[in-house]
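Worksheet: the structure to be examined is printed underneath.
Protein chains get the first letters and strands the later ones, always in sequence-line order, with residue 1 at the start of each.
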There are 2 protein chains.
Amino acid sequence: MARLPVYLRALHALQDRGVATVSSEELASAAGVNSAKLRKDLSHLGSYGTRGVGYEVEYLVYQISRELGLTQDWVVAIIGVGNLGRALAGYGGFASRGFRVAGLLDADEQIVGQEISGLTVRHIDRLEDVIGEHGVSIAVIATPAGAAQGVCDRVVAAGVTSVLNFAPVVLTVPEWVDVRKVDLSIELQILAFHEQRKAGGPDGAGGRPSALDSGPPEPVHYVEAAE
Amino acid sequence: MARLPVYLRALHALQDRGVATVSSEELASAAGVNSAKLRKDLSHLGSYGTRGVGYEVEYLVYQISRELGLTQDWVVAIIGVGNLGRALAGYGGFASRGFRVAGLLDADEQIVGQEISGLTVRHIDRLEDVIGEHGVSIAVIATPAGAAQGVCDRVVAAGVTSVLNFAPVVLTVPEWVDVRKVDLSIELQILAFHEQRKAGGPDGAGGRPSALDSGPPEPVHYVEAAE
DNA sequence: AATTGTGAAGATCTTCACAGCC
DNA sequence: GGCTGTGAAGATCTTCACAATT
């Protein structure tokens with residue numbers, strides 16, 4: 001279930017604040033979901049709550065981590081060390097929770113050999129070697145669009161079964177391989193769509209892109225984030 | 001509808017290849033969706049196809065662009081110029097389709113004043129000025145988690161109504177503001193979950209994280225991507 | 001008294017299958 | 001003949017509301 005990581009993050013935040021026990025209502029609001037949904041999601045993992053009391057934070061953290069496979073380490077390779085690949089290589093969230101970056105690869109001779117976040121960038125020719133040597137099971141593709149499918153085919157042939165794709169293409173993979181896609185321009189386009197809606201729709205009378213003086217519908221005060 | 005940007009990208013690829021007309025079947029497969037779904041999605045925009053023929057690529061590109069609000073320019077500010085913010089600032093997908101980055105802001109004095117992708121980084125104190133001067137309607141938050149909600153509150157107070165959040169927190173916003181979230185570690189966790197499934201589930205007998213020798217279920221040849 | 005776990009109802013999304021049109 | 005547009009069926013996801021349990 002795609003919401004478990006969100007719950008896990010909220011639970012970690014509670015843990016940091018020293019909270020030992022939490023109700024579905026509280027946790028749901030921290031995670032930004034409905035409490036019935038949260039209870040149903042959690043009940044799929046087993047009966048880890050206590051009626052009348054709530055959930056024990058630490059126990060639930062462990063159970064969700066186990067369910068997500070975070071109790072073991074996963075080996076990651078990042079292919080494409082441009083701006084984005086560099087940002088990913090330095091991203092703390094990788095290392096922190098069971099994801100170990102074992103290789104950075106690029107086709108550009110200028111970049112190969114550079115040391116980034118403690119790793120030396122290797123040439124894309126060595127892709128299969130790196131995957132084999134380190135037992136990489138997750139590949140992060142941060143190449144230009146044109147190179148992505150070729151790289152994907154190669155990592156799959158080398159044994160990778162999960163791909164996180166940042167290139168703006170729909171990757172074709174065998175059915176036993178999982179692909180997830182992160183596409184910045186799609187996210188922006190979805191926001192633009194909603195912006196336009198607010199400004200009166202596509203054929204509305206002179207929608208203003210930079211909707212500054214429209215202001216909020218009502219001067220409402222709103223609460224701070226739970227974090 | 002969140003799939004329109006995907007269709008649009010597939011259509012642009014067809015356009016580049018000089019294709020003038022496309023059937024729902026072809027376009028659906030390029031976009032990785034079911035053809036009935038594609039037709040239903042498109043029919044929501046109006047009746048832009050011709051029975052027995054298909055859709056005229058150029059006309060459809062225009063209609064979807066219009067629906068998504070890409071026929072006008074949107075002004076974007078990026079807050080937080082770390083590794084990720086830098087990658088975003090240099091990302092071609094921003095400029096190419098109607099998104100103009102008008103400001104880069106950071107709290108770190110070391111970073112303020114640096115020139116990145118043709119823009120000078122300004123101090124976060126000037127956030128409201130930058131938003132006002134340029135008519136920013138979309139804010140991209142690429143700050144550390146702890147700073148994100150505060151920054152969000154400020155951009156909202158300054159008139160921003162769409163937020164693209166890269167910080168690993170659930171942002172709380174007034175109901176008239178749209179938030180989209182991109183979370184790398186959540187994507188990785190979802191992949192880890194599926195990896196584990198393949199390896200035999202959380203309590204399976206010794207699941208191997210680096211599933212190298214498990215190999216594909218069947219030695220099937222698979223087709224290349226459409227683009 | 002409080003809160004979980006869950007049937008049942010409701011909402012939404014997906015797919016089928018075919019009438020209608022070119 | 002071929003393909004779109006869409007009603008109806010099916011699947012899935014969400015929410016309600018309450019019995020079960022501590």
First contact, last contact: which nucleotides of DNA chain C are these for chain A, 5' to 3', heavy-atom distance under 4.0 Å? dA2(C) to dA8(C)

Residue whose nearest DNA chain C nucleotide is more 5′ - Ala36(A) or Val53(A): Val53(A)

Whole-Å distance separating the CG atom of Leu38(B) from the P atom of dT4(D): 9 Å

Is there a donor in the side chain of Ser24(B) and an acceptor in the side chain of Arg39(B), or the other way round, less than 3.5 Å apart? yes

Figure out the CZ/C1' separation between Arg39(B) and dC3(D), and round it to whole Å. 8 Å

Any side-chain donor-acceptor pair under 3.5 Å between Asp41(B) and Tyr7(B)? yes

Just how far is it from atom CD1 of Ile64(B) to atom OG1 of Thr71(B), taken to the nearest 0.5 Å? 13.0 Å

What is the distance, to the nearest angstrom, from the NZ atom on Lys37(B) to the P atom on dG5(D)? 18 Å

If we count only N and O atoms by modelled type, under 3.5 Å, do the side chains of Tyr62(A) and Glu58(A) hold a donor and an acceptor together? no

How do Leu42(B) and Met1(A) order along DNA chain D: which one's closest nucleotide is nearer the 5' end? Leu42(B)

Closest to the 5' end of DNA chain D, once Lys40(A) and Gly52(A) are matched to their nearest nucleotides, is Lys40(A)

Got a list of side-chain donor-acceptor pairs under 3.5 Å for residues 179-188 of chain A, not counting sequence neighbours?
unit_1    : atom_1 : unit_2    : atom_2 : d
Arg180(A) : NE     : Glu187(B) : OE1    : 2.5
Arg180(A) : NH2    : Glu187(B) : OE1    : 3.3
Lys181(A) : NZ     : Asp183(A) : OD2    : 2.9
Asp183(A) : OD1    : Ser185(A) : N      : 3.1
Asp183(A) : OD1    : Ser185(A) : OG     : 3.3
Asp183(A) : OD1    : Ile186(A) : N      : 3.1
Asp183(A) : OD1    : Arg9(B)   : NH2    : 3.1
Asp183(A) : OD2    : Arg9(B)   : NH2    : 2.2
Glu187(A) : OE1    : Arg180(B) : NE     : 2.5
Glu187(A) : OE1    : Arg180(B) : NH2    : 3.3

Nearest-Å distance for atom pair CD/C1', residues Glu26(B) and dG2(D): 12 Å

Nearest-Å distance for atom pair CZ/P, residues Arg51(B) and dT4(D): 10 Å

Tightest non-hydrogen contact, residues Val169(A) and Ala148(A), listed as CG2-CB, 3.7 Å

